[in-house]
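Below is one structure; the comments refer to it alone.
All ligand and atom numbering here is 1-based and tracks the order in the structure. Numbering starts at 1 and runs along the sequence shown.
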Amino acid sequence: MTLLSVRDLSIQYDSMAGPVYAVEHTSFDMEAGETVGIVGESACGKSTLGLGIMRSLSGGSITNGSIIFDGHSINDIPDAEFDQKYRWKQISMMFQGAMSSLDPVYTIQEQFAEILQHHNFVGNTGNAVSEVIAAVNLEESILRRYPHELSGGMKQRAIIAMALLLKPRLVIADEPTTALDVLIQARIINMLKDLKSSGMSFLFITHDLALLSEIADKVGIMYGGQLVEFGTSESIYNNSQHPYTKKLLESIPRLHGSQPSYISGTPPSLLSPPTTCRFVDRCPEAMEKCQNDPPDFTTADGMVKCWLHE
Ligand code: SF4
């Protein structure tokens, strides 16, 4: 069953320098129980995509397309109804930057309580909190502490626990393990795998293709505000089509074999992105026709925006 369908989505921010085309004409589907990974460099639009689905864009707006969640167009749901019925209950988000996501003047317990009260939680609140605190391997004593009394890793795990509190169907995880050491990172990835096996769906946003290979069923590669390739994990990791995806995979450090390579140049400005292929200035396989029209092709496993696959 399709849980989330993003169709031709464009999101724009207003800035002093003019509109910033953060996400453009992006489409993908995810099934219930799936984990979809969205990967790309900094400022490629991946976090904006997550915030758009969560309806938490600050200073930005959806200018085109639709987001269908469980058969409902969530852009058309009134704010109050979305807050009561969807936010945290059906769709939640693990925000990046634990320090700025937690309120410094309330204890962790009070911040959990606020979510439960806001959503008129019926049931044993103590049990609900204990369950998610245990799931992220935190001691219950942290509930009585303020955010500044916790380490970075503990704060990040508290954020993850909050996102899981109301057992949402879809969790948007925006770089949830970036600030954590590798042991905690491994624990959290294992925890997400367990939750996934219980039927929860994850949209996992990261710059780390290697980490994503542990957990994703499908992967979307974002570049310059566009999804340039989307497919099953197997097709992306073993048979990638887009030159940018190939370059990203070549940049992963390996214990044995070839040295990682890098991609020369910089991504395009999202104030005035190219109207042709966005990767054209950095692509080692660019052809004459790449300078003209933007490519967009359906493949057996998904899609690819590259003229090589016409
Ligand atoms: Fe490279 Fe052309 Fe493909 Fe763009 S369309 S990625 S420039 S080959």
Suppose I only count heavy atoms of [X] and a 4.0 Å limit; which atoms of ligand 1 are within that range?
X      : result
Cys283 : 1 (Fe), 6 (S), 7 (S), 8 (S)
Leu308 : 8 (S)
Cys277 : 4 (Fe), 5 (S), 6 (S), 7 (S)
Cys290 : 2 (Fe), 5 (S), 7 (S), 8 (S)
Glu285 : 8 (S)

| query | Is Glu139 paired with Arg144 through a side-chain N to carboxylate O contact shorter than 4.0 Å? | reply | no

Please tell me if the side chains of [X] and [Y] come closer than 4.5 Å, counting only heavy atoms from C-beta onward.
X      : Y      : answer
Cys306 : Pro243 : yes
Leu170 : Pro168 : no
Tyr237 : Leu209 : yes

| query | Is it true that atom CD of Glu81 has more than 12 heavy atoms of other residues, nucleotides or ligands lying nearer than 6.0 Å? | reply |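 Check passes, neighbour count above 12.
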
| remark: among protein heavy atoms, the one nearest atom 5 (S) of ligand 1 is Trp307 N, 3.2 Å

| Side-chain H-bond candidate by donor/acceptor type, Tyr244 with Glu41, under 3.5 Å |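 Result is yes, a qualifying pair exists.
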
| request: Could you tell me whether atom 2 (Fe) of ligand 1 has an N, O or S atom of Cys306 under 2.8 Å away? | output: no

| Region of His242 engaging ligand 1 - heavy atom pairs below 4.0 Å |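 The answer is the side chain.
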
